[in-house]
Protein chains: 2
Amino acid sequence: MANTVNLDQILQDLDATSALEDLQDIIVALRDAFRVDHMVYHWVDSAGDQYGCGTYSDEWRDRYVVQNYHRIDPVIIGCFQRFHPVDWKRLDWSSKAARHFHTEALAYGVGNQGFSIPIRGPNGQFALFTVSHNCEDAIWADFTEAHGRDLILIAHFFNRKALEFEKTRQPEQSRALSPREVDAMTLLAMGYSRAQVADTLSISEHTLRVYIESARFKLGALNTTHAVARAMSRGLIVV
Amino acid sequence: MANTVNLDQILQDLDATSALEDLQDIIVALRDAFRVDHMVYHWVDSAGDQYGCGTYSDEWRDRYVVQNYHRIDPVIIGCFQRFHPVDWKRLDWSSKAARHFHTEALAYGVGNQGFSIPIRGPNGQFALFTVSHNCEDAIWADFTEAHGRDLILIAHFFNRKALEFEKTRQPEQSRALSPREVDAMTLLAMGYSRAQVADTLSISEHTLRVYIESARFKLGALNTTHAVARAMSRGLIVV
DNA sequence: ACCTTCCTCGCTGTTTCTGGGGAGTGGAAA
DNA sequence: TTTCCACTCCCCAGAAACAGCGAGGAAGGT
């Protein structure tokens, strides 16, 4: 596992990429350059409409998707609540589902060591950049220590490219909410009922309803809960 | 404006920081090391409850806060919908409010050039790391070209520290949700009605209601929308 | 073995939300 | 100037969610 990696060259190659498919080739080359078992970029999207590329076996990837493992995968859950890159050992593997997931992952060739970098983009986009390997703890610690920063940059550039290519698919860049709409969504997210929200904002409940409706429309939401969820995941409101 | 910057030393210093106040000293030192006019870290929070540190004058900062400029600042608006670091020249300064904001910023000593890096953390956290300077376009382009990557890493480490210090404020942890509860919350967050969720999960609506109620209880939520919002902000569900 | 948690199903009545109308102001942009 | 958009207010009927009560079986951990 090693050491002489030309970061500049990698990032330049990444920058020069012009098609989504090329990322797969690049990540394989990266895996070889770093001499680790696996390297994966994984754009997580609850809709199941996820994009990813990497060096896991097709069988594992298929199984992961079919079983909806992104819901119990401690790597995803853990990274989602963190900002730091995180070593898999520091995650919570205590639940039964997590342990089962772990043994199965090992059986499918995923390394016993792992290092994952959470990445977040606009509109609540969330992705992971993961390096995995089979080795002892000390060796792995040296590796992450040595290459952590490089991996952050690579992850950043990877996501940049992925966003660039996927941008066309996501025309749903919702209009920004008006201040009043933000207020309404925020208070609703805090558990207030419509009556309470209207009271807090000193407006009639009818007026409030107009805000909720227009927010729902702007966000393409089906109901209030959906609208609040979307507003949150797009970072339009903070609770 | 310059060139010999010891990135390792900077990041180590950042990592060793143990108090929020120290970040202010570090950012001043950084500004001097990079020989630019201003360097600012700005945690943007829609609530107005923002944290920031940097080298802008106190007058400008106060005015910014009082006037709620974060709502019209093209840097914030532009960065919020981007993932790339962005040069200020590429932002949209066309609106009247933006032009007024710009001339005023210049008057308060903000540089005519700027480079801002959006950073996103868990729960929709959003921050900016900005470098600003007074110089010509070509010189500025050289600078951003030369130091863009370093700045990304510095921004990352800055935000890491800021999150670390702020985390202590909100240690609320709740019991984990059961798989079925997660399913229910997730589908509700996706805009499904109770009937649709029950149908999707192939359970009766009555059963579904029990899940929602127990999730609400576990999360300390007042209603379904609140429960979904809390589940999201705690990273228990991914939408 | 016991206790806890999870999963599943049922009833009733009350409160709240939703969707469909409508109308008028003021400010900012084209 | 006209045309947007944000903000404010109003009514009504049907649909949906809420609160509170109940039950039993399966699986896991102490």
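Proteins get letters first, then strands, A, B, ... in listed order; numbering begins at 1 in each. Every heavy atom of this structure was used, including side-chain atoms; hydrogens, water molecules and symmetry mates were not.
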* Is the side chain of B:Ser132 donor-acceptor paired with the backbone N or O of B:Val110 at a distance under 3.5 Å, no angle test? -> no
* So, the side chain of B:His38 versus the backbone of B:Thr55: is there a donor-acceptor pair under 3.5 Å, distance only? -> yes
Before accepting this row, confirm whether a basic side-chain N of the pair [X]/[Y] lies closer than 4.0 Å to the acidic partner's carboxylate O.
X: B:Asp87; Y: B:Arg90; answer: no
X: A:Arg209; Y: A:Glu213; answer: yes
X: A:Arg63; Y: A:Glu59; answer: no

In whole Å, what is the span from the [atom1] atom of [X] to the [atom2] atom of [N]?
X: A:Leu177; N: D:dC5; atom1: CG; atom2: P; result: 15 Å
X: A:Leu208; N: D:dC11; atom1: CG; atom2: P; result: 16 Å
X: A:Arg180; N: D:dC9; atom1: CZ; atom2: C1'; result: 14 Å
X: A:Met185; N: D:dA6; atom1: CE; atom2: P; result: 14 Å
X: A:Ile203; N: D:dC9; atom1: CD1; atom2: P; result: 7 Å
X: A:Glu181; N: D:dA6; atom1: CD; atom2: C1'; result: 8 Å
X: A:Asp183; N: D:dC7; atom1: CG; atom2: P; result: 9 Å
X: B:Phe217; N: D:dG20; atom1: CZ; atom2: P; result: 12 Å

All N/O pairs under 3.5 Å across the protein-nucleotides 26-30 of chain D interface:
unit_1: D:dG28; atom_1: OP1; unit_2: A:Lys96; atom_2: NZ; d: 2.4

Measure the [atom1]-[atom2] distance between [X] and [Y] for me, rounded to the nearest 0.5 Å.
X: B:Phe115; Y: B:Met39; atom1: CZ; atom2: CE; value: 11.0 Å
X: B:Glu181; Y: B:Leu219; atom1: CD; atom2: CG; value: 8.5 Å
X: A:Ile117; Y: A:Tyr41; atom1: CD1; atom2: OH; value: 12.0 Å

* Is the ring centre of B:Phe165 less than 6.0 Å from the ring centre of B:Trp43? ->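 Here the rings of B:Trp43 and B:Phe165 have centres that are no less than 6.0 Å from each other.
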* Taking the six-membered ring for Trp and the full ring for Phe, Tyr or His, determine whether the centres of A:His156 and B:Phe83 are under 6.0 Å apart. =>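 Yes, close enough.
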* **Footprint string (nucleotides 16-26 of chain C, 5' to 3'): B base within contact, S backbone only, - free, heavy atoms under 4.0 Å** => -BBBB------
Is [X] near enough to [N] that one of its side-chain N or O atoms lies under 4.0 angstrom from OP1 or OP2?
X: A:Ser204; N: D:dC9; result: yes
X: B:Ser178; N: C:dC7; result: yes
X: A:Lys218; N: D:dC5; result: no

* Taking it one step at a time, do A:Trp88 and A:Phe101 satisfy ring-ring contact (aromatic ring centres under 6.0 Å, His included)? -> CA-CA 13 Å; A:Trp88 288 1; A:Phe101 170 78; 8.6 Å; no
* Structure fact -> Computed from five pairs at either end and rounded to 10 degrees, the angle between the axes of the helix from C:dA1-D:dT30 to C:dA30-D:dT1 is 70°
